[in-house]
Amino acid sequence: MSRPFDVVEIEEKWQARWLDEGTYDVDNDDPRERYYALTMYPYPSGTAHQGHVRNYTFGDLVVRYQTMLGKAVLSPYGFDSFGLPAENAAIKAGSHPRPYTEARMHELKTSVRRLGAVYDWRREVYSHDPEYIKWSQTIFLAFLKAGLAYRADARVNWCPGCLTVLANEQVLADGTCERSGDLVVRRQLEQWFFRITAYAEELLTGVDDLEWPERVKTMQKNWIGRSEGVEFDLPLAEDRAVALRVFTTRPDTGYGVTYAVVAPEHPLLETLTTDAQRASVDEIVTRATATSEIERTTSSAEGIGLEKRGAFTGGYVVNPFTNESVPVYVADYVLGNYGTGAIMAVPGEDERDFDFASVHGLPVVHTVQPPEGFEDGAYSGDGAHINSGFLDGLDVAAAKVAATTYLVEHARGNPKVNYRLRDWLVSRQRFWGCPIPVVYCETHGIVPVPEEDLPVLAPDDVVMNASGQSPLATHEGFFNTVCPIDGEPARRETDTMDTFTDSGWYYLRFADPFTPTMAFDPAQASKWMPVNQYIGGIEHAILHLLYARFYLKALNDVGMGAGLPREPFQRLFSQGMIRLDGSKMSKSKGNLIAPEAYYPTVGADGLRLFHLFAGPPADDMDWTDQTDEVIEGCARFIDRFYRLWHHYDVNIHGGLDDADAHVRQETHRTIARVTNDLNRWSYNTAVAALMELLNTLSRAARSETGIAAETLEESLDVMAKLLAPMAPHITAELWEERHPDLPSVHLTAWPVADPAMLVETEVTMVVQVNGKVKARLLVAPSISEDEATAAALADLDVIDALKGATPARVVARPPRMVNIVL
RNA sequence: GCCCGGAUGGCGGAAUUGGCAGACGCGGAGGCCUCAAAAGCCUUUACUCGAGAGGGUGUGUGGGUUCGAGUCCCACUCCGGGCACCA
């Protein structure tokens with residue numbers, strides 16, 4: 001398309017100006033009101049694609065808008081530069097991940113600047129910077145000292161594709177790796193964990209106070225998964241000194257316990273199993289422990305029958321309510337690492353137990369009266385208790401209380417809260433990550449690397465290959481070291497940290513990258529924290545956001561965050577993703593639409609405007625055959641604005657007439673609309689409002705009667721300001737042309753609507769007859785109910801529509817509407 | 001299975017509190033300008049009956065509340081997302 005100006009020249013000029021003049025640099029002691037706007041720490045994947053463009057368009061709009069509102073806006077940028085793609089690329093190329101990563105960083109940075117997004121580049125950080133590594137390790141050691149980091153032997157998720165262990169959070173529901181898609185297997189390994197479960201309750205309750213999208217809050221809550229219940233003992237029938245401890249949320253159903261189940265990993269399984277049952281028990285244990293998690297967890301759906309998923313152990317335990325012995329089964333549907341790894345089974349009220357009982361021919365006793373018409377099965381709803389001794393007649397809530405008291409007194413029970421959340425496994429058997437700064441000494445065990453020896457850096461002279469082992473594990477120069485305590489030979493830890501540890505605290509480094517002796521000075525960082533507006537993709541709804549919340553709480557508690565809030569992100573906005581042919585646009589899918597082709601034609605401004613205009617920012621967007629035409633429409637809008645700015649084809653008249661009054665009123669109404677829309681993340685309607693104003697202004701200016709110069713200029717200046725955060729280049733250029741002596745439009749105060757201009761002198765009142773619109777009248781906004789009724793009944797169209805009938809009722813809602821009911 | 005969203009013209013979408021459905025844009029149709037085209041500009045564009053004036057219908061389906069429902073309530077269909085043996 002041909003443009004009335006040189007779009008590339010103008011955009012490059014302003015991008016250079018913002019960069020050279022440090023227009024968006026802010027100091028920590030800036031006297032203005034502070035505002036921290038942050039887009040999520042990006043992985044440097046190379047040239048930006050439309051998903052980035054959308055993200056940074058929203059983020060940049062916030063930065064520029066808040067700046068025009070008079071605030072000191074902290075807008076930092078950096079790179080989540082450790083991670084697997086770089087390592088895998090390096091393996092493929094037989095090179096080191098660093099040059100690959102840095103080339104991709106350079107590309108992404110260039111892309112972001114070409115979009116016109118502005119940052120305080122003095123604050124740039126990246127995870128593989130030795131300085132950043134040093135502080136990441138300092139934090140790790142602080143967690144270690146405080147007992148928040150620990151090493152444990154655990155059955156962990158191993159991804160054969162990524163050749164590393166994964167956190168629970170990185171394993172998808174179908175048992176595959178979220179990154180490579182490989183089927184995750186279980187391995188018994190000694191690994192590092194962060195004690196995130198210590199914060200389960202705070203992470204859960206804290207969610208309520210955050211201004212986040214409801215669905216993200218719900219996802220976090222579900223992930224943490226709090227459940228309240230009771231833990232108590234089921235004594236073994238053979239030997240009452242030994243007991244099977246179980247956890248339940250339904251102690252009230254105790255009289256319905258007809259069997260118990262232990263997980264295949266349960267320590268008492270061996271004791272419970274009789275010789276006669278050993279073979280079938282072993283079969284269950286073997287299948288459950290040797291197969292992958294996916295087979296175990298989805299086998300019910302996959303058709304592996306329940307009869308093959310559990311077996312009788314031969315052992316019995318005593319139900320403390322009935323004093324009767326019930327059989328103990330082993331089954332893979334009971335998890336070893338949740339609760340006590342054993343359950344009381346209540347087939348009458350629990351669906352899983354019912355299904356299992358049906359297959360294994362176990363008795364079903366209902367302890368809650370199901371409603372009338374209830375079909376066969378487990379009933380988990382409320383109702384009066386039956387078959388339940390002293391609990392009979394009580395509803396579920398009351399029976400829970402009574403049953404709990406009973407268990408506390410008779411079965412060594414105690415109320416207990418369990419969480420689904422597990423501790424965060426942070427070890428990764430990978431090279432391109434932050435090394436875990438400890439050494440293993442024969443005498444002293446785990447010894448932290450002394451502060452003065454940080455950072456522990458990975459050596460450069462490594463050969464990246466697909467052996468399945470991190471080069472660190474075979475690099476003698478790296479892992480051979482001495483114990484910091486006794487100087488004896490020791491072995492250095494060769495695992496690195498999960499890259500989510502890097503993004504756990506980067507927002508703090510951004511707030512204060514200037515204090516050389518600390519990761520961040522909490523007194524400085526607290527000037528900006530918490531982040532006022534965090535912007536990112538919905539894909540981080542659980543992992544990153546949960547980990548970052550944990551980090552800030554933990555940093556507070558280990559003494560590194562004095563004075564800082566405990567929640568990092570006050571407001572979160574999750575933008576929708578861009579789909580092409582039905583699937584998410586991403587580099588890994590290879591279905592990218594590069595923005596580069598648009599810069600010489602519609603420009604960054606046109607592309608930005610499109611992303612704002614295309615639809616609600618939170619919604620997913622489909623990139624279709626029609627999209628290019630919409631993008632051109634956005635550029636066309638800019639061109640029309642440009643021509644009107646230069647008074648192309650305009651009639652100027654002297655004095656002010658009614659048309660001027662109308663334009664001025666529309667101008668001020670648009671200020672109010674756009675401001676409101678920007679505040680409520682309704683960018684598509686904000687753009688639409690500006691398009692409407694341009695239509696109004698353009699029509700008035702080109703009419704026979706024309707427009708007053710001052711009306712036109714006022715309206716154009718307002719439009720330039722309102723448009724500035726959306727299309728920053730052209731507005732800066734035009735503003736400078738007309739106002740060479742004034743500061744840049746971006747440093748100009750955001751316009752405020754004159755309330756007097758918003759007052760309407762006439763409004764359209766609709767007259768309905770039986771709810772159907774029959775007439776529209778222009779009335780004063782102050783019209784009374786009686787006047788409105790009278791005016792409506794006097795209207796000729798209305799009289800015609802009434803056909804002489806007498807109204808049964810007249811509902812008047814002045815000045816909007818009168819409804820005449822016959 | 002459970003929990004969230006969502007469904008509005010040919011298309012993307014708008015309607016902030018129950019009060020003019022379809023703003024704005026894309027696409028389409030017709031026109032002006034031009035030797036012609038591009039660009040630009042103007043008119044028109046929910047469906048339907050009607051020559052016209054004008055009428056009827058219409059926000060996934062069915063019911064309800066209300067003078068009045070895209071908006072509130074009940075039931076359902078379809079689509080998208082999250083969780084999915086957590087006792």
Side-chain angles (χ1 to χ4, degrees), chain A residues 1-4 173-174 213-219 221-223 225-227 229 246-250 253 261 296-301 306 309 331-335 337-346 349-353 355-356 418-422 538 541-542 577 579 610 613-616 618-622 624-634 636-637 639-640 643 648-649 673 676-677 680 682 684-692 694-695 698-699 702 764-773 775-776 807-813 816-822:
Chain A
M1 65 188 296
S2 79
R3 309 292 300 274
D174 65 356
E214 273 316 309
R215 60 175 173 157
V216 176
K217 290 164 85 163
T218 307
M219 280 190 230
K221 286 183 186 173
N222 289 344
W223 188 264
R226 181 183 204 273
S227 59
V246 296
F247 171 72
T248 182
T249 57
R250 291 294 302 273
T253 62
V261 189
R296 176 163 169 189
T297 57
T298 61
S299 41
S300 56
L306 275 169
R309 300 182 51 207
D332 66 3
Y333 81 91
V334 172
L335 306 176
N337 59 353
Y338 182 79
T340 60
I343 62 159
M344 60 176 223
V346 191
E349 277 78 34
D350 184 286
E351 206 175 316
R352 293 157 302 181
D353 295 343
D355 292 344
F356 189 82
N418 271 323
Y419 300 91
R420 212 188 76 111
L421 183 71
R422 309 286 200 273
I538 188 71
I542 297 171
M577 64 183 184
R579 282 183 307 235
F610 160 74
F613 182 63
D619 290 4
D620 287 350
M621 185 191 87
D622 280 301
T624 68
D625 294 346
Q626 213 187 52
T627 299
D628 277 352
E629 281 155 343
V630 179
I631 294 172
E632 281 176 23
C634 289
R636 201 148 48 225
F637 164 70
D639 292 350
R640 296 213 295 138
R643 282 193 291 266
Y648 173 84
D649 198 18
R673 277 176 71 183
N676 186 27
D677 285 348
R680 66 185 181 112
S682 184
N684 52 333
T685 54
V687 176
L690 286 167
M691 287 174 168
E692 275 185 70
L694 182 65
N695 288 344
S698 163
R699 206 162 289 146
R702 291 153 35 143
T764 304
M765 184 174 79
V766 173
V767 184
Q768 300 174 340
V769 174
N770 278 342
K772 291 188 180 170
V773 178
R776 293 183 170 89
R809 184 178 168 188
V810 178
V811 181
R813 290 286 178 277
R816 293 276 161 232
M817 194 241 18
V818 174
N819 189 11
I820 300 164
V821 187
L822 296 180

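Scope of the values below: all heavy atoms of this structure, side chains included, with no hydrogens, waters or symmetry mates. Each chain gets a letter, A, B and so on, in the order its sequence line appears, and its residues count up from 1.
Of the side-chain N and O atoms in A:Asn684, one or more sit less than 4.0 angstrom from OP1 or OP2 of B:rA14. Taking 4.0 angstrom as the limit, A:Lys772 places none of its side-chain polar atoms (N or O) nearer than this to OP1 or OP2 of B:rA21. OP1 or OP2 of B:rA84 sits under 4.0 Å from a side-chain N or O of A:Arg420. Using a 4.0 Å cut-off, some side-chain N or O of A:Ser227 falls inside it from OP1 or OP2 of B:rA87. For the pair A:Arg680 and B:rU16, the criterion of a side-chain N or O lying under 4.0 Å from OP1 or OP2 is not met. Regarding contacts with the backbone of B:rC26, a side-chain N or O of A:Arg636 is found under 4.0 angstrom from either OP1 or OP2. Contact between the side-chain N/O atoms of A:Tyr333 and the OP1/OP2 oxygens of B:rA87 is not found at any separation under 4.0 Å. In terms of phosphate contacts, A:Asn695 brings a side-chain nitrogen or oxygen within less than 4.0 Å of OP1 or OP2 of B:rG25.
With a glycosidic angle more than 90° from 0, B:rG10 adopts the anti conformation.
Classified by interplanar angle (parallel below 30°, tilted 30° to 60°, perpendicular above 60°), the ring pair A:Phe247/A:Tyr338 is perpendicular.
Rounded to a whole angstrom, the distance from the P atom of B:rC4 to that of B:rG58 is 31 Å. For the P atoms, the distance linking B:rG31 with B:rA37 amounts to 12 Å, nearest Å. Rounded to a whole angstrom, the distance from the P atom of B:rA29 to that of B:rG82 is 41 Å. Using atom P as the reference point in both B:rG63 and B:rG70, the two lie 15 Å apart (nearest Å). When the C1' atom is used for both B:rU44 and B:rG10, the distance is 16 Å, rounded to whole Å. Comparing the same atom, P, in B:rU66 and in B:rC78 gives a spacing of 32 Å after rounding to whole Å. Annotation: B:rA84 and B:rU71 have their C1' atoms spaced 33 Å apart (nearest Å). Nucleotides B:rG55 and B:rG64 are separated by 29 Å at their C1' atoms, to the nearest Å.
Pair assignment for B:rG12: B:rC24, on the basis of Watson-Crick or G-U wobble contacts that are both within less than 3.5 Å.
Picking from B:rG25, B:rC42, B:rG19 the nucleotide with the shortest atom distance to the side chain of A:Gln626 gives B:rG25.
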Evaluate side chain to side chain contact (heavy atoms under 4.5 Å, CB included) for A:Asp350 paired with A:Met344, printing each intermediate quantity in order. CA-CA 11 Å; A:Asp350 184 286; A:Met344 60 176 223; over 6 Å; no
Please report the C-alpha distance between A:Leu690 and A:Phe613 in whole Å, then the side-chain angles of each, then the deciding distance to 0.1 Å, and finally whether the side chain to side chain contact (heavy atoms under 4.5 Å, CB included) criterion is met. CA-CA 11 Å; A:Leu690 286 167; A:Phe613 182 63; over 6 Å; no
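No hydrogens or angles considered: a donor-acceptor pair under 3.5 Å links the side chains of A:Arg640 and A:Asn695.
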